[in-house]
Amino acid sequence: LTADFLGALTDDFSLSPPLLLRLQTFTAWCNSHLRKAGTQIENIEEDFRDGLKLMLLLEVISGERLAKPERGKMRVHKISNVNKALDFIASKGVKLVSIGAEEIVDGNAKMTLGMIWTIILRFAIQDISVEETSAKEGLLLWCQRKTAPYKNVNIQNFHISWKDGLGFCALIHRHRPELIDYGKLRKDDPMTNLNTAFDVAEKYLDIPKMLDAEDIISTLRPDEKAVMTYVSCYYHAFSGKQKAETAANRICKVLAVNQENEQLMEDYEKLATDLLEWIRRTIPWLENRLPENTMQAMQQKLEDFRDYRRLHKPPKVQEKCQLEINFNTLQTKLRLSNRPAFMPSEGKMVSDINNAWGNLEGAEKGYEEWLLNEIRRLERLDHLAEKFRQKAAIHEAWTEGKEEMLQKRDYETASLSEIKALLKKHEAFESDLAAHQDRVEQIAAIAQELNELDYYDSPSVNARCQRICDQWDALGALTQKRSEALQRTEKLLETIDQLYLEFAKRAAPFNNWMEGAMEDLQDTFIVHTIEEIQGLSTAHEQFKATLPEADKERQAILGIHNEIAKIVQTYHVNMAGTNPYTTINPQEINAKWDKVRQLVPQRDQALIEEHARQQNNERLRRQFANQANVIGPWIQTKMEEIGRISIEMHGTLEDQLTHLRQYEKSIVNYKPKIDQLEGDHQLIQEALIFDNKHTNYTMEHIRVGWEQLLTTIARTINEIENQILTRDAKGISQEQLNEFRASFNHFDRDHSGTLGAEEFKACLISLGFDIANDAQKRSGIMDAEDFKTCLISIGYNLGENEFSRIMSIVDPNRMGIVTFQAFIDFMSRETADTDTADQVMASFKVLAGDKNYILADELRRELPPDQAEYCIARMAPYTGPDGVPGALDYMSFSTALYGESDL
């Protein structure tokens, strides 16, 4: 406003300083809106006289089109335009008292100011309402609430309360604290305070400087309407910002949920892929049944298997459990955020992983059984092979030189006595040959058993056995041939030395007995129980009891030899120095007897050591059994207690969760006892103990029970956490949840955790549902048709398409059944207040300034950087007729967030 114009107003209309302040404020307010149309006014008295800028001002502040203005310069044209403006104001429910078009056209300043104040009241102040107050009271109440935290500000009106300028500064600082350092302002410096507020508002808030600091300070009572007009600009500036922030927060919330769910899906896919790949690599190793030839190689295989059980498998068990927990949590979050259910990639469902895990455990069990059987087989083979070598060596030592002896023709030149000696000797040999028949049969039987057990060195065993059998047949034939030759000459040989014959007859079986005794004393043995070693010890004691009688027989045989020597010496008989009937001599008998006496204490020591080993094995069995008989029932008891907690109601869900976590802690603290039992089990396997009569529990039973216990407590905690998520997200009260659970438990009479069809129907009726009396499958769940009937009975009018949509929500895996939890989730979601695609679209529309599209710059201005880029990358280009270059379609993006279209 020019100084001349203000002076003229003062002279012509006697405008007071407050009215001059009002004139200045109203002019600045009009220009703040006319700038949007690219124009402004200089003289409020003159510039509205033709009605053109007045109509333009109303169009800008209302957002509506007025009637087409007259473009003529005559008075009638101006009056017509002003009347169109006044008619538009009246159409908005505003009564214009004493304000006519002629006064405006004539340049009446007071009438013009009155008209402008009417426009300000209607379009800038009237819509302000706080707790159902009037426009003025609402604006005052808004100012009081925003400045309440500031102790030196007391807003009671729209005139003197604002003179010190702190009220304006407080409003700016409350909404934009970075713009003003409020702590440096002083109440006794109103000029600085006012100019600071006016300058900051004009520069950063796009609020024109409508008031003058000097005028406000110099005026005893600043104009109320001028102050109200200026303060209303603050209200609109900050309330518009509040709406944008609210809209941006809603979008941020929705996008954050969507980003978190996508990350959970990616994590599930990666974890499932890694676990399935590990199972795929491990199963062929467990299915490899290629046997080893040595016990050492098989022991190494067993040690590798123990490392797999102890080091490699437990982390994978934890990964599998965590995978199921993550899957359940993701599905719950998707359901609570009104998103479609997550369907993993083909072959990566939880059921697929469980099937692969079952195959792994089946291969693992078969591999362990095969390892133990192979170790038993190799142990048996080693024992048989050693036994074969000992018997074969003894037999080969006995047969050495026998063929040459039987092929001699010494009887042709022998004397009668010599012939008789040869005949008797041959009879003794036949007796000895018959005694060795049993040993040859044993050698053949052992070789056959080694072949049947697939002994790796069977070819050499078979070759040696064949040589022994062939030699035995040859000995039989040669013996028969020599016997016939001796018998032919028997008539020529009549004398026989009875003493030699008696010696030979008694020495041969005694010698055979000693060889058998030495063989038995050196025979290796394998036992698995104390009873077996006690049996061997008893047999050994019985053998030792026969030694005195054997010693008497030895003395008798030696006595015969001594008698022969005495006769020869006495009667000088020429006997050629050796017994013609046997090759056994007293020195050999004594040597073998000494050998037997030497082997007896060695056998005693071996039996004692084996007895001690079996006692240690028995101690290991009892030690394992004592722990297993405690741990096994403890695991079963914990499983039952967790089951009772999951179906009984004791306190809130948080109390149940706390109780379960305490159980989980006690279970985890029990792990050292499981590890101790694993150590005892390893000692048992290293000792090659294959049975335990003191317990029915095996380490496999304990492992399976322990893994099931860990999985059950983790799954139960996850279920309670999901119930808490459902309760908090859906607004279900604790009393409602207790009512649902109480009804369910009442009809779950067998405490199985499930309901039969009739029990389930009765439970729903007890909760207020009207269920048709159709026969239900006794599985504790409803199939698709039963669920549809249930929904219709409680008021849903379902077509096939609508029912298919609901089934995709409650049965995302398309199993054709509806669980109790899914039914409760569906009912709670139907009544809960959740974000929808329409709400998100409305929020985007606020950020877009009510346009049908949004620009990338607008997204970056209103949203955090990462979420703004997320939207820009996924929004499709806008193709509507009102689009501009770079326009993005936020409507299709909003529906895609909720699965109603493709993202």
Inset, instruction - Run the salt-bridge test on Lys320 and Glu324 with the 4.0 Å N-O cut-off and return the result as yes or no. - result: yes
Inset, instruction - Please determine, by modelled atom types, if Asp594 and Gln598 share a side-chain donor-acceptor pair under 3.5 angstrom. - result: no
Legend entry - Donor-acceptor pair, side chain of Gln471 and main chain of Arg467, under 3.5 angstrom: no
Inset, instruction - Verify the distance criterion only: is there a donor paired with an acceptor across the side chains of Gln442 and Asp438 at less than 3.5 Å? - result: yes
Inset, instruction - Would you kindly say whether Asn590 and Arg554 are connected by a side-chain donor-acceptor distance under 3.5 Å? - result: yes
Legend entry - Lys/Arg N to Asp/Glu carboxylate O, Glu361 vs Lys313, below 4.0 Å: yes
Legend entry - Salt bridge flag under 4.0 Å for residues Arg621 and Asp691: yes
Legend entry - Distance (rounded to the nearest 0.5 Å) between Thr695 OG1 and Gln627 CD: 11.0 Å
Legend entry - Charged tip of Lys402 within 45° of Trp398 ring normal and under 6.0 Å: yes
Legend entry - Salt bridge Lys365-Glu700, side-chain N to carboxylate O under 4.0 Å: no
Legend entry - Carboxylate-amine/guanidinium proximity below 4.0 Å for Lys348 and Asp352: no
Legend entry - Glu519: partners by salt bridge (Lys or Arg N to Asp or Glu O under 4.0 Å), with sequence neighbours left out: Lys391, Arg439
Inset, instruction - Look at Arg703 together with Glu678 and state whether they make a salt bridge at an N to O cut-off of under 4.0 Å. - result: yes
Inset, instruction - Can you establish whether the number of heavy atoms outside Asn696 located under 6.0 Å from its atom CG is more than 12? - result: no
Legend entry - Residues that Glu452 engages under salt bridge (Lys or Arg N to Asp or Glu O under 4.0 Å), provided they are two or more places apart: none
Inset, instruction - Indicate whether any N or O donor in one side chain lies under 3.5 Å from an N or O acceptor in the other, for Gln623 and Arg619. - result: yes
Legend entry - No-hydrogen, no-angle side-chain donor-acceptor test under 3.5 Å, Gln685 and Arg306: yes
Inset, instruction - Tell me whether the centres of the aromatic rings in His395 and Trp472 are closer together than 6.0 Å. - result: yes
Inset, instruction - Look at Asp304 together with Lys301 and state whether they make a salt bridge at an N to O cut-off of under 4.0 Å. - result: no
Inset, instruction - Could you tell me whether the side chain of His426 and the main chain of Ser483 form a donor-acceptor pair under 3.5 Å? - result: yes
Inset, instruction - Give a yes-or-no answer on whether the side chains of Glu403 and Gln407 include a donor-acceptor pair shorter than 3.5 Å. - result: no
Legend entry - Salt bridge flag under 4.0 Å for residues Glu484 and Lys481: no
Legend entry - Ser537 versus His611, side-chain donor and acceptor atoms under 3.5 Å: no
Inset, instruction - Compare all side-chain heavy atoms of Glu618 with those of Lys693 and state whether any distance is below 4.5 angstrom. - result: yes
Legend entry - Side-chain ion pair, Asp307 and Arg310, N-O less than 4.0 Å: yes
For residues 704-714, which side-chain N or O atoms pair as donor and acceptor with protein atoms under 3.5 Å away, sequence neighbours left out?
residue : atom : partner : partner atom : Å
Thr711  : OG1  : Glu707  : O            : 2.9
Thr712  : OG1  : Gln708  : O            : 2.6

Inset, instruction - Answer yes if the side chains of Arg376 and Asn373 hold a donor-acceptor pair under 3.5 Å, and no otherwise. - result: yes
Inset, instruction - Tell me, with the steps shown, if Asn511 and Trp593 meet side chain to side chain contact (heavy atoms under 4.5 Å, CB included). - result: CA-CA 9 Å; Asn511 182 68; Trp593 176 256; over 6 Å; no
Legend entry - Atom CZ of Arg597 with >12 non-hydrogen neighbours under 6.0 angstrom: no
